[in-house]
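Data block below; observations after.
Below, each value reflects all heavy atoms present in this structure, side chains not excepted, and no hydrogens, waters or symmetry copies. Chain letters run A, B, ... following the sequence lines, proteins first, then strands; residues in each count from 1.
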Amino acid sequence: MPCHAIISDEAIKDIFAFGNFKAYIQPHGNPCGAERCGATHSQSSKSIFIDWKEGEQSLLQHCCIHNVYCKMHDGTKKVIYHRITIHPNHRKNGLVKKLHYRSEKAYKELGFDTISLLAIKDGVIAWHRLGFAFDQIADEQRIFREFRQYYKDIKSGTGFEFKSLSEVQTHDFFDNQCSFTDWLAAKGIASISMSIRIKP
Amino acid sequence: MSHPTPILKIMFDDVVEFEAIVSEDVKHFRVLKDLMNYEPMIKELITQGHTKNILSKEEEIVFEDGSVYKKPIYDQQHISISSLSELETFLTTNGFACIVDTALQRAFTVIADGQDIGFGGNIISPSDRSILMQSAASLYKVANSSSYDPIISEEASSYKLDVSDADINPEPVQFLKRIVQDLSTSTFSQELYANDDRYKKSIEIIRETFRVKHLDSLRFDIDGESYMVKRDAIAFIRRSVASWMNSSKVSIEVKDPKAFNDEHEFSFKVYLPEALTVKTSQSLYKKALRYKSKTMKITGSYISAKTIYADSIALL
């Protein structure tokens with residue numbers, strides 16, 4: 001199977017093209033069949049690097065967005081977000097949120113079943129709030145437990161009533177002294193597997 | 001009293017939030033307490049282990065324009081958990097305060113006595129044995145308002161059961177003590193029976209235990225004191241409840257009963273306009289279901305201000 005059969009470059013570019021934003025696929029690797037997909041590829045996956053720009057200005061901090069699109073042995077299709085780091089100048093504009101909701105809708109229409117990622121640093125909370133579930137219950141329990149400790153120690157919180165991370169509001173993760181993501185980083189918690197099922 | 005069975009406890013802020021008896025090979029476990037839904041995690045760790053992603057290196061990818069992307073490469077490290085010590089180590093190294101404890105605390109002891117209520121040599125019948133064990137567990141659960149079973153151990157005597165737990169809350173123990181103290185002197189509080197569900201259920205459990213044919217007495221050892229509840233005390237309570245219920249007769253007409261529920265306990269609610277719970281027998285409950293949304297006449301007795309026991313239900 002040529003890798004463009006999993007997803008075409010054009011379909012990927014369309015996802016990132018909204019407002020004044022545009023995607024540029026970084027040419028890399030060998031041509032794939034008739035289409036130069038610009039990616040390392042195999043018969044079952046397509047790895048692609050994207051620069052995302054507003055005009056001439058890149059929206060990214062580290063080079064590119066790296067996504068992998070896979071067709072699994074059981075016939076299901078999966079997107080893996082390997083890297084997406086928005087430049088600090090463009091953060092807090094809900095850019096990732098808009099992109100993710102747009103991606104989720106598009107990948108669903110393109111027949112993908114799940115999106116997965118390894119969340120690092122503040123991504124652990126950010127992706128969870130975008131609907132990603134922890135792949136392992138132990139990770140979720142640990143993060144929630146750390147949040148309880150953070151709430152108690154840093155926010156001097158009394159009357160902790162949250163039953164899970166999903167119930168926690170954005171402002172609860174912040175404090176002048178230390179944000180919860182800084183707290184997690186100090187504990188050495190990183191690289192948490194998460195995924196979201198997009199196929200109903 | 002020490003038990004060989006280890007109990008895993010997970011704490012947060014010095015509060016024990018999870019307790020489970022776990023076998024050394026972690027193939028079997030029974031949860032005794034779970035305040036923060038730890039059970040699915042324990043189950044996952046035992047059955048699937050845990051996979052960690054560890055950043056091992058960065059691979060340089062050079063694009064055609066000469067720019068370089070440093071791709072992080074993660075190694076997956078899988079940890080299998082096949083023993084209690086491995087489970088404890090995993091939890092501890094992952095930020096969960098936990099200990100494995102083998103010491104149990106005894107809440108109370110029940111000694112049943114009667115012609116064939118003897119332990120050893122298969123004297124006690126399996127069904128009577130089961131009733132006594134269930135009663136002891138139920139008394140503990142009702143007093144603690146908990147759905148988790150305590151640890152019951154049998155000892156040779158007339159028929160002795162020790163009811164133990166990893167941590168004992170003194171309030172429920174004192175509550176039970178008060179009940180058996182009342183019953184040992186053939187008294188009980190009508191007011192509490194009518195208004196305190198825990199009190200009523202506990203009395204009912206003890207009453208039901210005397211279904212065991214040759215059971216003459218139950219001795220409760222609680223908090224260093226002994227209380228003997230005899231069959232005739234139970235008969236006295238049965239008569240007291242019956243006469244009290246008969247003296248508080250009620251007859252009501254209800255138009256369009258709004259809700260039927262709780263099939264297990266055979267009770268439903270009516271509104272007059274305040275909600276009243278109607279408890280009844282299985283057959284009358286089924287009859288009430290047939291009359292749903294129609295005007296019905298209920299006669300019975302008040303069990304409490306908000307609860308009646310219906311002994312007849314008719315369609316008007």
Look at B:M41, B:E44, B:K43 and state which one has the largest set of heavy-atom pairs under 4.5 Å with chain A. B:E44
I'd like to verify something: which residue of B:I42, B:T51, B:L55 has the highest number of heavy-atom pairs under 4.5 Å with chain A? B:T51
With rounding to the nearest 0.5 angstrom, report the [atom1] to [atom2] distance, [X] to [Y].
X: A:F49; Y: B:Y69; atom1: CZ; atom2: OH; answer: 6.0 Å
X: A:F144; Y: B:N37; atom1: CZ; atom2: CG; answer: 10.0 Å
X: A:Q136; Y: B:Q48; atom1: CD; atom2: CD; answer: 8.0 Å

Exam field: side chain A:Q141 to backbone B:P40, donor-acceptor pair closer than 3.5 Å: no
Looking at chain B, which one of A:E140, A:K163, A:R83 has the largest number of heavy-atom pairs inside 4.5 Å, strictly under? A:R83
Look at A:H66, A:R145, A:R142, A:H82 and state which one has the largest set of heavy-atom pairs under 4.5 Å with chain B. A:R145
Return yes when atom CD of B:E191 has more than 12 non-hydrogen atoms of other residues, nucleotides or ligands closer than 6.0 Å, and no otherwise. no
Cut-off 4.5 Å, heavy atoms of chain B, and the answer for A:D135 is backbone
Relative to chain B, which segment of A:S164 carries a heavy atom at a distance below 4.5 Å: side chain, backbone, both, or neither? neither
Should A:I120 and B:Y74 count as side-chain neighbours, where that means a heavy-atom distance under 4.5 Å? yes
